[in-house]
Amino acid sequence: MADLVRYELKDRVAVLTIDNPPVNALAPAVWEQIDQAVARGVADAGADAMVLIGAGTTFIAGADIKIFDALKTREDSMSRSAGTHALLKRVEDAGKPLVAAIHGNALGGGLEVAQACHFRVASKDAKVGQPEVMLGIIPGAGGTQRLLRLCGAKMALAMCTDGKPVAAPKALAAGIIDQIVEGDLLTGAIAFATMKAAARQIRKTRDLQIKPEDVSGGMATCEAVRVALGKTARGAHAPFVAVDAIQAALTHSFDEGSIRERELFAGCVVSIESKALRHMFFAEREVAKVPDIPKDTPTREITRAAVVGAGTMGGGIAMNYANAGIPVLLKEVDQAALDRGMATIRKNYEVTMSKGKMTAEQLQRTLALITPQITYDGFDRVDIVTEAVFENMDLKKATFKELGAVTRPDCILASNSSTLDIDQFAQASGRPPQVLGHHYFSPANVMKLLEMVRGRETSKEVIATSLKLSKKLNKVGVVVGNCFGFVANRMLAYYMREAYLLLEEGASVPQIDKVLTDFGLPVGPYGMQDIAGIDVGARIRQYLASIGKTRAEGPQSAIPDRLFAMGRYGQKTGAGWYKYAAPGSRDRTPDPVIEQMADEEAAKRGVKRRPVADEEILARIMTALANEGARVLEEHYATRASDIDVIYCYGFGYPRLRGGPMFYAETVGLATVLSRVKEYRARFGDYWEPAPLLEKLVAANKSSFEG
Ligand code: T1G
């Protein structure tokens, strides 16, 4: 078996080095070799003490998340975690001082291993945490029972329910670590272990007493955390389970509490919530892997940028570059538009500063990186330009023609278009290999998704550079194909079609929105339209009509265009699908006008309005998403189903604990999804066309879109 834990003696201290790249994850063999190495150190007469340290850039980043899918039942989980608990008790019972030396991250099982050591030292920039709830589980190797014995219930509850890492100095102050090592970590750890050996000091965490304040107030603290979670957990179950496990530590012995932790962990690890969150953990890392773009594809340095268009999107895009420390030119057509754009940017930063997330000095420094102008001065020195002009094909093509003339031949030209044909921009620019889409999501300086749309001739270097740039801009970049609407908005058209038709059939705007927010979306389809602007969709429909297209097959509701014609664009005009207290206000109320229009439009289509159950609303909308997602996949506009899930979770706030629209469809069952498509086809019309991939997978009895 590979040497995953090296053993060597240094100055009468056994140094146990975990070496399982890239993050020293605790695969089963790593657990076993830690156990063996500690036993060897105890038996080694040449060792007075032991140090456990990670090779490479980090201590242990946790259990190997990939192994959880093998835990099919609670029983599987109970037996595996019983073994882990017993192993860590053996480690803790070592007869010589055992010191964990932490650098990088000690997360999840990594921190639990460190807690089972007698002492912990760390480098100053190390972080420790119990992020298990981010995966829909809880610490499963004694962390809920040991951590509070080190730092008290309040901090243990915070760490185990929010999953956030804690920096070493704070961990030192809390008692989680015993010393911060300046200089070489191993040297410091060996010195610390030698000192403990001389003092013949061993401290078993599990034997530490529950702190007096927790004996008296721990239960109340748990209850207070549950109440707080009620407001912030947004449907997540695991954080509440973590509270239950920590409460068990307050009311039971270590061993009884450990059994309770194992039972609670077992319930979480087989849950759909955990499977969905584990799916998202890997999905958001897979997006960077584009099959035909090898990791060693050459990339360019992006040191200077420019944005054309200082509207809502253009301003937000310019902020992304400034936030990443990249100087950015921001061009508008006239001074008035430019001033409006800069005023919005300044206001956004001032709001950030008012929240304490930015100092005045940082605001000035960041703002200074944005150069507002109404000419193309300096465009010949930038490495990338992002066009964010009005969503109009002719205007965009003209802009790309200009950009092709005023920039260097190797300057990347990106479009923020949300749907239009990147290849047409590429042709207009005169250098298609440098052109691709960079579709940001509103608000561009907040939403993390960046849909990177490759054109027919986009070069691999430009794509690889964009993938690298997305990380620098703190975005999740997903490479997609150049179909109308790309992936996000192509599928959204079917989501909206069903929302509109359900309204005409008898559901109400508030009802439909509530079904989707109860499902976990931050806002329903109508609330979203009122925020994005009904006029944006209307203008795209107008453009499509001009080329004889519609966004989705099937009946097109006339209500959106009627609202547009009435000047009801949504929040910004004070009325849209809802009425607002004033233009720009978010204070909204349902508007009887919409019901009246739904009655009228239903009558025109000969539809007899009826009560529509919430279950049907959710099923229709999610089925439409999954069916179109299957088409996107089989037409190769997305690399993999999980990329689509990442797009929806990061672009529209689709609930991560559902795993995204494709993963959710798999949990519903592909056969069920297909049968629903066929049922709707029979009820509503042939436009409900089953995606061939869905039919193929169901015929082959497959349970996942990846076959
Ligand atoms: N298991 C398996 N693979 C992992 C992993 C893990 N725990 N952590 C990272 N990877 C892979 C990742 O998929 C990627 O692979 C590569 O390592 C680099 O990761 C028993 C039950 C540590 C902060 O939740 O938060 O312990 O894409 O790109 O940006 O009670 O990785 O290269 O093929 O993220 O430098 C608890 C999860 C587990 C921590 C580093 N631990 N990891 O970030 O690199 S449950 C976690 C992270 C548990 C115990 C419980 C981050 C990182 P590839 P990366 P990074």
Side-chain angles (χ1 to χ4, degrees), residues 4 18 20-31 34 54 56-71 76-78 80-88 91 102-116 125-147 156 159-160 162-167 238 241-242 245-246 258 261-271 274-275 277-290 295 467-468 470-472 474 476-477 639-640 642-643 646 656:
L4 297 168
I18 301 156
N20 183 27
V23 295
N24 293 327
L26 288 163
V30 176
W31 281 111
I34 289 174
T57 60
T58 183
F59 186 66
I60 302 169
D64 184 340
I65 301 169
K66 290 190 280 293
I67 63 167
F68 297 134
D69 287 345
L71 304 176
D76 290 347
S77 174
M78 288 296 284
R80 177 186 289 279
S81 54
T84 311
H85 279 236
L87 186 154
L88 288 183
V91 164
I102 299 168
H103 71 302
N105 292 293
L107 299 174
L111 181 55
E112 290 170 300
V113 167
Q115 291 171 50
D125 59 358
K127 289 188 179 141
V128 299
Q130 302 285 180
E132 287 87 344
V133 289
M134 312 297 274
L135 300 167
I137 48 181
I138 65 170
T144 64
Q145 308 301 306
R146 287 192 173 90
L147 188 60
M159 289 176 68
C160 293
D162 70 22
K164 290 186 186 130
V166 170
V241 179
I246 289 173
S258 295
E261 177 193 277
R262 291 204 292 272
E263 289 163 351
L264 291 166
F265 176 87
C268 289
V269 77
V270 296
S271 71
S274 181
K275 288 172 186 165
L277 290 170
R278 296 186 329 245
H279 164 76
M280 284 307 296
F281 175 86
F282 290 112
E284 61 201 5
R285 288 161 174 80
E286 281 304 295
V287 295
K289 299 167 189 169
V290 183
K295 252 189 172 172
L467 281 166
K468 193 170 139 192
S470 64
K471 282 192 186 313
K472 189 162 172 61
N474 191 28
V476 175
T639 304
R640 51 186 81 84
S642 60
D643 282 14
V646 170
R656 284 175 72 89

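Just follow the structure's listing: the first ligand is 1, and inside any ligand the first atom is 1. Below, each value reflects all heavy atoms present in this structure, side chains not excepted, and no hydrogens, waters or symmetry copies.
Under the 4.0 angstrom criterion, atom 42 (N) of ligand 1 counts as having a protein heavy-atom contact. Protein heavy atoms are found inside the 4.0 Å sphere centred on atom 39 (C) of ligand 1. The presence of a protein heavy atom under 4.0 Å from atom 34 (O) of ligand 1 is confirmed. Protein non-hydrogen atoms do not reach within 4.0 Å of atom 29 (O) of ligand 1. For atom 55 (P) of ligand 1, no protein heavy-atom neighbour is present inside the 4.0 Å cut-off.
The side-chain tip of Arg278 does not point at the ring of Phe282 from less than 6.0 angstrom away and within 45° of straight on.
Using a 4.0 Å cut-off between heavy atoms, Gln130 makes no contact with ligand 1 at all. Under 4.0 angstrom from ligand 1, the non-hydrogen atoms of Ala61 come from both its backbone and its side chain. Under 4.0 Å from ligand 1, the heavy atoms of Leu135 that appear belong solely to its side chain. In Glu286, neither the side chain nor the backbone holds a heavy atom less than 4.0 Å from any atom of ligand 1. Contacts between Leu26 and ligand 1 below 4.0 angstrom, taking non-hydrogen atoms only, are absent altogether.
Across the listed options Ala63, Ala25, Gly163, Ala63 owns the non-hydrogen atom lying nearest to atom 48 (C) of ligand 1. Here the shortest heavy-atom distance to atom 45 (S) of ligand 1, taken over Phe68, Phe265, Phe59, belongs to Phe68. With Val23, Leu107, Asn24 as candidates, the residue nearest to atom 9 (C) of ligand 1 on a non-hydrogen basis is Val23. Which of Phe281, Trp31, Phe282 comes nearest to atom 47 (C) of ligand 1 through a heavy atom is settled by distance: it is Phe281.
Side-chain contact check for Glu286 and Ser642: no donor-acceptor pair (N or O, by modelled atom type) lies under 3.5 Å.
Checked against a 3.5 angstrom limit, the closest N/O atoms of Ile138 and ligand 1 fall outside it. Taking any N or O of Asn105, backbone or side chain, none lies under 3.5 Å from an N or O belonging to ligand 1. Of the polar atoms of Ile137, none of the N or O atoms is found under 3.5 Å from an N or O of ligand 1, judged by distance alone. Considering backbone and side-chain atoms together, Arg285 places an N or O closer than 3.5 Å to an N or O of ligand 1.
The only member of Val269, Ile137, Val270 that meets side chain to side chain contact (heavy atoms under 4.5 Å, CB included) when paired with Ser77 is Val269.
Residue contact check for ligand 1: Pro131 places a non-hydrogen atom closer than 4.0 Å to it.
Looking only at side-chain heavy atoms (C-beta outward), Asp162 and Val133 stay at 4.5 Å or farther from each other.
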